[in-house]
Structure formats: structure tokens, C-alpha cells
Amino acid sequence: MIAVLVALPLLFAFLTALTIPLRMEKYARYFFLAGALFPWLVYLLIGEGSEVVGGWPKIGGG
């Protein structure tokens with residue numbers, strides 16, 4: 001899930017940057033907002049995962 005939360009804003013940033021060469025500047029704000037809000041929506045729908053990143057042990061907490 002961590003990869004999705006990182007990749008989504010990067011994908012939408014790329015799409016936002018593409019609006020200028022494609023002469024679609026009016027859609028740039030929608031791509032920006034989607035890139036800012038969509039990861040939050042994914043996080044809220046999937047919920048907090050119990051992922052261990054890099055094989056490190058989970059220290060403290062739930």
C-alpha cells in the first residue's frame with residue numbers, strides 16, 4: 001500500500017505536467033487535486049495496513 005500512496009501523486013504530477021504541451025491547461029487543476037486527494041481516499045478505504053517495510057521489525061505500537 002505504501003507504493004500506491006507514493007506512486008499516485010507522482011502519476012498525477014506527470015499528468016499535470018503533460019497538460020501544458022497538450023494545450024489542456026484548464027484540466028491541470030483537476031489533475032493536481034486528484035493527485036492530492038486520491039491517495040487519502042485510497043488510505044481511508046483500504047485502512048491502515050500493518051506493513052513492515054524493508055524487513056525491519058516493528059518497534060512498539062499496535
Side-chain angles (χ1 to χ4, degrees):
M1 182 164 115
I2 291 174
V4 172
L5 295 177
V6 171
L8 282 176
L10 292 174
L11 172 69
F12 282 103
F14 176 71
L15 292 174
T16 302
L18 279 181
T19 59
I20 294 171
L22 296 176
R23 299 184 187 266
M24 298 171 42
E25 291 90 359
K26 61 183 176 181
Y27 298 114
R29 74 178 69 162
Y30 301 116
F31 285 128
F32 175 79
L33 285 174
L37 298 177
F38 195 62
W40 285 99
L41 180 67
V42 170
Y43 176 75
L44 292 175
L45 290 177
I46 293 177
E48 187 175 333
S50 60
E51 294 185 32
V52 176
V53 180
W56 293 87
K58 199 172 189 182
I59 302 173

Using distance only, find each side-chain donor-acceptor pair of residues 4-26 under 3.5 Å and give its atom names and separation, not counting sequence neighbours.
unit_1	atom_1	unit_2	atom_2	d
Thr16	OG1	Phe12	O	2.7
Thr19	OG1	Thr16	O	2.6

>> Same cluster or not: Leu33 versus Phe31, using hydrophobic residues (I, L, V, M, F, W, Y) connected whenever any side-chain heavy atoms lie under 4.5 Å apart?
In response: no
> Where does the angle between the aromatic ring planes of Tyr30 and Tyr27 fall among parallel (under 30°), tilted (30 to 60°) and perpendicular (over 60°)?
Replying inline: tilted
> By side chain to side chain contact (heavy atoms under 4.5 Å, CB included), which residues pair with Leu41, not counting sequence neighbours?
Replying inline: Phe38, Leu45
